[in-house]
Amino acid sequence: MPELPEVECIRSYLEHTCVGAKIALSQLVREDIVGSVGSPRGKRSAKKSTTPKVALLDSSTLVGVERKGKQLGLIADNGRALLIRLGMSGQLLVVESVDKNLSHVHAVWSLRFNNTLKFLLFRDPRRFGSILPCRNRAGIDDHWNKLGPDALTISQPILWQIMKNRVTGVKALLLDQARICGLGNIYVDESLFLSGIHPKKQACFLNDVELQLLAYSIRRVLSKAIHAGGSTLRDYRTPDGAEGNFQKAHSVYGRIGLLCTMCKATIVGDIVGGRTTAFCPNCQAL
DNA sequence: CTGGTCTCCTGATCGC
DNA sequence: TGCGATCAGGAGACCA
């Protein structure tokens, strides 16, 4: 479940190891992971994959790897760009040779360096992820402009803009990528715990102090997670196969029924916005 | 505009 | 040993 910290770790790895490489699509195993901007994965949209392979980066040089929220952008020197969403279980792996036994590899690119050849794999068992080819850099921005501000740099005034006049519960708002992007179930629960706010508290009732604390908590939880290499629960790996360590530092996520690390109360679970939610009834009183 | 529910998909886990 | 049921969950679709 790559959220912002995991995607940032992947981005940073790819930037350091793959920028400058000549990249070319060598295999598209499943065409249905390719969508187009605007209709992220056609589902029933009858238009069969007419996506030309050239649109998936072809014989160009990778010049940048960018991120907004949970999405990645691979930028090539010929103007082409790929927007990649990893969904629930998506991985981008950099390998020296392609292992035929590795399951669920949907696309393979070759990466040619001065005198070495590597491969970039898009692997996604649950197939909630997708790859969106963009004609140019602006195509990525068209998409990213629909997202709210990036959670990693969220500030109190911006959070206030998002929360004011909204009767919705805080958690539901924080999960809405169009309002603030990058947070998923894990980091929303962790941020709310750190700021002592109940997930169902109505957004418009947050006072200045709480907004300040929430903005700080979001930035803090995310940056600590990035430094820990992200949270590996099941599928997440950096492109070199390494696991993250932040799952060991979770305070509430995955700890329903266990004791709160702050007050020893029992962490409780609830369903908020259709998702399992963990919080401390004492530290996060409504 | 809002909230709820369903859908996609696979692998892990659990009860029998 | 194996089988079916259950669950996890990002985000779009759809409905009230």
Side-chain angles (χ1 to χ4, degrees), chain A residues 1-8 10 29-47 49 67-72 83-92 101-107 121-132 142-148 150-151 161-192 199-205 222 230-237 243 247 250 252-257 269-278:
Chain A
M1 32 225 75
E3 301 180 25
L4 188 153
E6 291 77 28
V7 176
E8 176 57 25
I10 293 168
V29 183
R30 285 200 74 111
E31 302 205 351
D32 60 0
I33 53 137
V34 180
S36 59
V37 174
S39 68
R41 244 228 271 168
K43 300 291 179 201
R44 250 169 229 222
S45 68
K47 64 170 137 163
S49 55
R67 177 194 63 75
K68 180 157 186 188
K70 310 173 190 174
Q71 307 187 2
L72 273 177
L83 198 161
I84 297 178
R85 298 186 310 177
L86 297 170
M88 282 295 302
S89 59
Q91 303 173 328
L92 284 173
N101 295 321
L102 191 59
S103 59
H104 306 300
V105 173
H106 306 314
L121 313 182
F122 176 77
R123 176 170 189 263
D124 184 14
R126 271 170 258 186
R127 284 196 274 140
F128 281 18
S130 60
I131 299 176
L132 314 178
D142 285 346
H143 207 67
W144 283 0
N145 287 340
K146 295 174 193 160
L147 298 174
D150 195 80
Q161 284 293 332
I162 296 169
M163 301 280 167
K164 68 170 180 178
N165 305 329
R166 305 210 158 268
V167 291
T168 315
V170 196
K171 173 161 178 173
L173 266 190
L174 292 176
L175 285 171
D176 186 344
Q177 305 298 301
R179 302 234 153 76
I180 171 175
C181 72
L183 298 171
N185 210 24
I186 298 173
Y187 295 105
V188 164
D189 279 6
E190 292 298 318
S191 300
L192 287 172
K200 283 184 173 170
K201 177 149 184 167
Q202 289 184 302
C204 57
F205 290 156
L222 294 178
S231 300
T232 295
L233 300 180
R234 187 167 301 162
D235 298 297
Y236 170 70
R237 296 289 126 86
E243 298 189 2
Q247 66 280 3
H250 289 174
V252 286
Y253 183 87
R255 297 194 69 249
I256 292 170
D270 195 0
I271 302 293
V272 179
R275 298 198 189 103
T276 304
T277 298

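Residue numbering restarts at 1 for every chain, and letters A, B, ... go by the order of the sequence lines. The shown structure was predicted, so the numbers you read here are calculated from the model rather than taken from an experiment.
In this model, the phosphate group of dA11(C) is approached by a side-chain N or O of Gln177(A) to a distance below 4.0 Å at OP1 or OP2. Contact annotation: Arg166(A) side-chain N/O to dT2(B) OP1/OP2 distance is under 4.0 Å. Distances shown here put every side-chain N or O of His104(A) at or beyond 4.0 Å from the OP1 or OP2 atom of dC9(B). Residue Arg179(A) has a polar side-chain atom (N or O) positioned under 4.0 Å from OP1 or OP2 of dT2(B).
In this structure, Leu173(A) atom CG and dA11(C) atom C1' are separated by 16 Å, rounded to whole Å. The distance from atom CD of Gln202(A) to atom P of dG3(B) is 9 Å, rounded to the nearest whole Å. Summarising the geometry, the separation between CG on Asp176(A) and P on dG10(C) is reported as 13 Å, rounded to the nearest angstrom. When rounded to the nearest whole Å, the span between CG of Leu132(A) and C1' of dG12(C) equals 13 Å. Rounded to a whole Å, the NZ atom of Lys171(A) is 9 Å from the P atom of dG10(C). Between the P atom of dG10(C) and the CZ atom of Arg234(A) lies a distance of 13 Å, rounded to the nearest Å. The CG atom of Leu233(A) sits 12 Å away from the P atom of dT13(B) (whole-angstrom rounding). Between Asp124(A) atom CG and dA8(C) atom P the separation is 19 Å, expressed in whole Å.
For Thr276(A), the listed nucleotide lying nearest its side chain is dG9(C); candidates were dT10(B), dG9(C), dG12(C). Side chain of Arg126(A), nearest nucleotide from dA11(C), dT10(B), dG3(B): dT10(B).
A salt bridge is absent between Asp124(A) and Arg30(A): the closest approach of a Lys/Arg side-chain nitrogen to an acidic carboxylate oxygen does not fall below 4.0 angstrom. In this structure, Arg67(A) pairs ionically with Asp150(A), as a charged nitrogen and a carboxylate oxygen lie closer than 4.0 Å.
Between the side chain of Glu6(A) and the main chain of Gly230(A), no donor-acceptor pair closer than 3.5 Å is present. With hydrogens and angles ignored, the 3.5 Å screen pairs no side-chain donor or acceptor of Lys200(A) with any backbone N or O of Val170(A).
Counting any heavy atom pair closer than 4.0 Å across all strands shown, Ser89(A) reaches no nucleic acid atom. Tyr253(A) comes within 4.0 angstrom of sugar-phosphate atoms only, judged by non-hydrogen atoms across all strands, and of no base. Residue Arg123(A) is classed as having no contact, given no heavy-atom separation below 4.0 Å to the nucleic acid.
Looking at residues two or more places apart in sequence or on another chain, you find a salt bridge (charged side-chain N to carboxylate O under 4.0 Å, His left out) between Lys171(A) and Asp189(A).
Both stacking criteria are satisfied for Phe128(A) over the base of dG10(C): a centre-to-centre distance under 5.5 angstrom and an angle between ring planes under 30 degrees.
Between Ala172(A) and Asp235(A), it is Ala172(A) whose nearest contact on DNA chain B lies nearer the 5' terminus.
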